Each structure stands twice: as C-alpha cells, then as structure tokens.
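The analysis underlying the following values was restricted to heavy atoms, covering all of them including side chains, and did not include hydrogens, waters or symmetry mates. Source: prediction; values computed, not measured.
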Amino acid sequence: MATPDFIRDLRASIGHELLYLPGVSAVVFDDQDRVLLGRRADNGRWTIICGIPEPGEQPATAVVREVEEETAVRCVPERIVLVRTLAPVTYPNHDKCQFVDVCFRCRAVGGEARVNDDESLDVGWFPLDALPEMEDFSLSRIKQAIEDGPTWFEPIVEE
C-alpha cells in the first residue's frame, strides 16, 4: 500500500510513533458473484482491496476510490460488512500503525479488472469456490459479505 502524502507529513513530525488511522476494505462482487482480488506488490499475497481514506473523505467514497485506483473497476457500496480495530503493525522502516477497518460489500458497475497502479502485481475475479490462498483478514470479510448478516463488530466485554 502506497503511503499517502498526509501520512508522510505526519511522520516528518512524529517519526516512527504509533499512528491510529482509518482504513477501508472492499469485498466486491460482479454479476456472476465472483469476488475481486488483488495480489499485493509488497508481499505477493492475494487480498481484497484495501486503502486509507484521505483527510475528510467519507469511508464509502474512499472505498470506491481505492477499488478504482487499484483495479480500474467501478463499484457501489451495498452495505458495511464489519468494523474492526486491527492489531498494531510495525513496518520494515519501523513505522508503527494501527488501523480501524471499515469493510464494505460492493457491487461492480463498470470497468475491466486490471492492474491500475503500482500497488498490485495482478488483479482478477475469482469464484467463491476457487479462491487463491489468502490470509484470514480477507477470508473472514468475504465470509461476512456472503452471509448478508448484520454489520459485524467486536462484542463488548463487560469487566
């Protein structure tokens, strides 16, 4: 994932300190109920499409922008699949981030799936019964998007 300019500006002031950031992800289906995936340039893994909203950008707008920027597919959000704070991550350059992911189920409405930026090595549509190997991040979101249940969130644990 390319680092947005506003984060580079913040890093100039705070160094590698933990940044708590919004994130968006998309489980995009086409008319054949195949799911859109990208193979990331940074780790070579297949994943649903993800990104970081720009300052002031609404999550639904950000997810539509990210899908088109990375895959050339135009989509519309149908519903929120889940909202979840992810575990903190430390990047190879020692930057620390923690994301709150808002995942949307989306429907493709145009465009041809292709690598559309330098963040992906490959992009494609996959039948649900023929998904490539993926991490739980993507698999759990795809499962939630298929089930058409309510928005998932971490249950509140009373102490």
Side-chain angles (χ1 to χ4, degrees), residues 1-29 35-71 73-108 116-121 123 126 128 131-159:
M1 174 178 349
T3 304
D5 291 338
F6 80 93
I7 293 176
R8 279 199 269 288
D9 293 345
L10 283 170
R11 288 285 178 209
S13 297
I14 67 163
H16 301 298
E17 293 299 316
L18 180 69
L19 279 177
Y20 192 67
L21 296 168
V24 292
S25 58
V27 180
V28 183
F29 292 100
V35 67
L36 180 64
L37 301 175
R39 193 162 64 90
R40 294 175 59 113
D42 61 352
N43 64 16
R45 305 287 310 234
W46 286 99
T47 184
I48 59 175
I49 309 306
C50 310
I52 300 170
E54 297 292 329
E57 186 177 36
Q58 294 297 323
T61 303
V63 82
V64 168
R65 175 184 52 76
E66 288 289 345
V67 169
E68 188 165 8
E69 282 179 0
E70 295 182 23
T71 70
V73 170
R74 291 185 311 280
C75 69
V76 294
E78 294 180 325
R79 68 178 178 89
I80 294 175
V81 172
L82 66 75
V83 177
R84 185 170 200 188
T85 299
L86 307 179
V89 61
T90 301
Y91 292 98
N93 69 354
H94 305 291
D95 285 350
K96 297 177 190 109
C97 291
Q98 186 169 22
F99 294 94
V100 176
D101 178 41
V102 179
C103 181
F104 291 84
R105 177 188 168 119
C106 300
R107 179 67 51 191
N116 203 36
D117 64 11
D118 59 357
E119 294 182 40
S120 300
L121 300 172
V123 168
F126 291 84
L128 293 170
L131 295 173
E133 183 178 329
M134 289 184 289
E135 294 176 357
D136 186 57
F137 175 90
S138 294
L139 291 172
S140 65
R141 284 155 177 77
I142 292 168
K143 180 181 176 193
Q144 288 295 124
I146 293 166
E147 290 178 357
D148 280 333
T151 301
W152 185 92
F153 55 90
E154 194 74 37
I156 297 171
V157 178
E158 305 239 357
E159 294 181 26

### Query
Would you say the side-chain atoms of S138 pair up with the backbone N or O of I48, donor to acceptor, closer than 3.5 Å?
yes
### Query
Step by step, would you call V67 with C106 a side-chain contact (heavy atoms from CB on, under 4.5 Å)?
CA-CA 10 Å; V67 169; C106 300; 5.5 Å; no
### Query
Do P22 and V102 have side chains that get closer than 4.5 Å, going by heavy atoms?
no
### Task
Could you list the residues that satisfy salt bridge (charged side-chain N to carboxylate O under 4.0 Å, His left out) with E78, not counting sequence neighbours?
R105, R107
### Task
Would you name the heavy atoms of I49 and T71 that are closest together and state the gap between them?
CD1-CG2, 3.6 Å
#### Entry: Atom pair CG/CG of L10 and L19 - distance to nearest 0.5 Å
6.0 Å
### Task
State, yes or no, whether a side-chain contact exists between C50 and F99 at a heavy-atom distance under 4.5 Å.
no
### Query
Side chain of R79, backbone of G149: donor and acceptor closer than 3.5 Å?
yes
### Query
Shortest non-hydrogen contact from T151 to F153?
O-CD2, 3.7 Å
### Message
Can you confirm whether Q144 sits close enough to C103 that some side-chain heavy atom of one is under 4.5 Å from a side-chain heavy atom of the other?
### Response
no
### Task
Would you please name every residue forming a side-chain contact (heavy atoms from CB on, under 4.5 Å) with L121, sequence neighbours left out?
R39, A41
### Task
Work out which heavy atom in D117 is nearest to a heavy atom in E70; give both atom names and the distance.
OD2-CG, 3.2 Å
### Query
How many angstroms lie between atom CG of D9 and atom CD1 of I14, to the nearest 0.5 angstrom?
11.5 Å
### Query
Taking atom OG of S140 and atom CG of L82, what is their separation to the nearest 0.5 Å?
6.5 Å
#### Entry: Distance (rounded to the nearest 0.5 Å) between Y91 OH and D42 CG
8.5 Å
### Task
Working to the nearest 0.5 Å, report the span between SG of C75 and CD of E66.
11.0 Å
### Task
With sequence neighbours excluded, give me every ring pair (Phe, Tyr, Trp, His ring centres under 6.0 Å) pair touching residues 36-64.
W46-F126
### Heavy-atom pair of closest approach, residues I52 and P4
CD1-CD, 4.1 Å
### Donor-acceptor contact below 3.5 Å, side chain R11 vs main chain G15
yes
### Residue pairs fulfilling side-chain hydrogen bond (donor to acceptor under 3.5 Å, both in side chains) with at least one residue in residues 15-24, sequence neighbours excluded
H16-D95, Y20-T85
### Message
Nearest 0.5 angstrom please: R45 CZ to M134 CE, how far?
### Response
9.5 Å
### Message
I'd like to know if the side chain of Q98 reaches the main chain of L86, judged simply by a donor and an acceptor atom lying under 3.5 Å from each other, with no hydrogens or angles considered.
### Response
yes
### Query
Heavy-atom count around E154 CD within 6.0 Å, excluding the residue itself: above 12?
yes
### Message
According to salt bridge (charged side-chain N to carboxylate O under 4.0 Å, His left out), who are the partners of D5, at least two apart in sequence or on a separate chain?
### Response
R8
### Message
By the side-chain hydrogen bond (donor to acceptor under 3.5 Å, both in side chains) test, which pairs, at least two apart or in different chains, include something from residues 52-62?
### Response
E57-R65
### Message
Applying the side-chain contact (heavy atoms from CB on, under 4.5 Å) criterion to L37, which one of V28, V123, L131 satisfies it?
### Response
L131
### Query
For L18 and C97, which heavy atoms make the closest approach, and how far apart are they?
CD1-C, 3.6 Å
### Query
Any idea which heavy atoms bring P77 and F104 closest together, and the distance?
CB-CD2, 3.8 Å
